[in-house]
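Data first, discussion second: the structure below is written as structure tokens.
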Amino acid sequence: MLPTPHVRCDYDKVYEPSEDTFLMLDALEKDQEFLRRFLGDKMNLVSEIGCGSGMVTTFMMHNRIPNKNAIYLPTDINPWAMESMVDTASLNKCDQNVLSPIRMNMAKSLRSGQIDLLVFNPPYVPAESVPTIPTEELSVTGEGKEDAAWLDLALLGGDDGMVVTWKLLHSLDEFLAPNGIAYVLFCARNKPQEVVKAMQLQNWSCELVEYRKAGWEVLSIYKFHR
Ligand SMILES: C[S@@+](CC[C@H](N)C(=O)[O-])C[C@H]1O[C@@H](n2cnc3c(N)ncnc32)[C@H](O)[C@@H]1O
């Protein structure tokens, strides 16, 4: 079993690694040989969308997933996640030369068709709506409200908990390299089987990699590629 990275992070501002995070580590560990074969030895571009504490990207860097030539471009909408990503990678003695965290919405500022391996543990909890991004004003006058808003953004996924995930899935063609692959986490309330059917109709190959009961929640990870 590959070691879980140590994390240094302020959990008042950044999502704390939880069952979903650990399930993603297990899925990537399980598929590491598959990924090596599937993506080959070339310089792969790896992007974890919503990297939070940086645990998942650090795990991939530390264990050379998908290969030793990979470059890592984790993203998050939360500025504090950028700081945590760098701290976590440094705490685990990862090579910072191959890491470039970028604050952005999804992967929208990356050149299209570039990502070989995309990983996303999204805000998947069903909610009335997806919270709005905290403003500068809230950070000055909000007395801690800004921190709570970042944590809400990490969790709440709107209708069926799928609003953010669908945005990603609808953009997969644009984000992924022609032979790229994406690993995405779902909870049962996201109705992953219906998602898979819809994606298959658009000619995506979809496969369950891992699932686990976590309390009253059932989490699963699917991989998607052309
Ligand atoms: C469930 S947390 C997962 C964090 C981390 N990847 C993990 O597994 O522990 C979701 C993350 O997605 C980020 N996020 C939410 N909406 C986003 C968006 N539109 N673009 C980029 N990141 C986003 C949140 O800030 C949060 O860090």
Side-chain angles (χ1 to χ4, degrees), residues 4-29 46-62 65 72-89 91-92 99-110 115 117-127 129-134 139 146-159 161-172 174-175 182-187 189-190 209-210 212 214-215 217 219-221:
T4 304
H6 304 290
V7 171
R8 187 163 50 203
C9 181
D10 179 352
Y11 297 134
D12 286 336
K13 292 181 163 73
V14 175
Y15 186 78
E16 181 170 358
S18 308
E19 290 290 346
D20 45 7
T21 317
F22 301 125
L23 189 65
M24 186 61 85
L25 301 191
D26 290 347
L28 292 166
E29 175 166 354
V46 179
S47 186
E48 181 192 6
I49 313 284
C51 60
S53 67
M55 180 181 268
V56 175
T57 292
T58 299
F59 179 82
M60 292 190 282
M61 292 174 74
H62 199 76
I65 296 173
Y72 300 85
L73 267 69
T75 79
D76 205 296
I77 201 86
N78 178 350
W80 303 107
M82 301 294 91
E83 213 168 274
S84 304
M85 176 69 252
V86 172
D87 282 354
T88 301
L91 187 65
N92 291 275
L99 174 67
S100 185
I102 316 171
R103 186 184 176 207
M104 71 174 88
N105 190 347
M106 302 270 171
K108 286 194 174 148
S109 311
L110 297 182
I115 302 174
L117 171 57
L118 185 151
V119 175
F120 193 28
N121 174 10
Y124 57 78
V125 175
S129 59
V130 174
T132 49
I133 298 168
S139 67
E146 188 210 1
D147 295 353
W150 289 123
L151 294 183
D152 283 348
L153 261 179
L155 278 174
L156 306 179
D159 200 20
M162 276 300 293
V163 172
V164 183
T165 306
W166 268 125
K167 278 192 185 142
L168 182 276
L169 292 174
H170 288 318
S171 302
L172 261 194
E174 182 195 331
F175 292 156
Y183 285 68
V184 182
L185 183 136
F186 299 88
C187 74
R189 290 177 293 161
N190 301 153
V209 184
E210 277 283 12
R212 184 168 304 153
E217 198 63 277
L219 303 173
S220 54
I221 291 173

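Numbering of residues begins at 1 and proceeds along the displayed sequence. Just follow the structure's listing: the first ligand is 1, and inside any ligand the first atom is 1. Side-chain atoms are counted along with the backbone in the values below, which use heavy atoms only and exclude waters and symmetry mates.
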If you scan protein heavy atoms around atom 4 (C) of ligand 1, the nearest is Gly50 O, 3.4 Å
Taken to the nearest 0.5 Å, the spacing of Phe120 CZ from Leu168 CG works out to 5.0 Å
Ranked by distance from atom 25 (O) of ligand 1, the top protein heavy atom is Asp76 OD1, 2.6 Å
Between Thr88 and Ser53 (side chain of the first, backbone of the second, donor and acceptor by atom type, cut-off under 3.5 Å), is there such a pair?
yes
Out of Val125, Thr21, Asn121, the nearest non-hydrogen contact to atom 3 (C) of ligand 1 is supplied by Asn121
For atom 1 (C) of ligand 1, the closest protein heavy atom turns out to be Ala154 O, 3.2 Å
key: ligand 1 contact by Met104, heavy-atom criterion under 4.0 angstrom   = yes
Could a heavy atom of Met55 be found less than 4.0 Å from some atom of ligand 1?
no
In short, Ser47 meets Ile115 closest at the heavy-atom pair CB-CD1, 3.8 Å
dist Arg189:CZ -> Glu217:CD (nearest 0.5 Å) comes out at 4.5 Å
Residue-ligand contact Ala81/ligand 1, heavy atom below 4.0 Å: no
In this structure, atom 20 (N) of ligand 1 is nearest to the protein heavy atom Met106 N, 2.8 Å
Check: Is ligand 1 less than 4.0 angstrom away from at least one heavy atom of Glu16?
Finding: no
among protein heavy atoms, the one nearest atom 22 (N) of ligand 1 is Ile77 N, 3.3 Å
Would Phe120 count as a polar contact of ligand 1, with the cut-off being nitrogen or oxygen pairs under 3.5 Å?
no
Nearest non-hydrogen contact to atom 2 (S) of ligand 1 from the set Trp80, Tyr124, Tyr15 belongs to Tyr15
In this structure, atom 18 (C) of ligand 1 is nearest to the protein heavy atom Asn105 OD1, 3.7 Å
The answer for which part of Leu153 has a heavy atom under 4.0 Å from ligand 1 is backbone
With a 4.0 Å cut-off on heavy atoms, is Ser53 in contact with ligand 1?
no
When rounded to the nearest 0.5 Å, the distance separating OG1 of Thr57 from CG of Asp76 is 10.0 Å
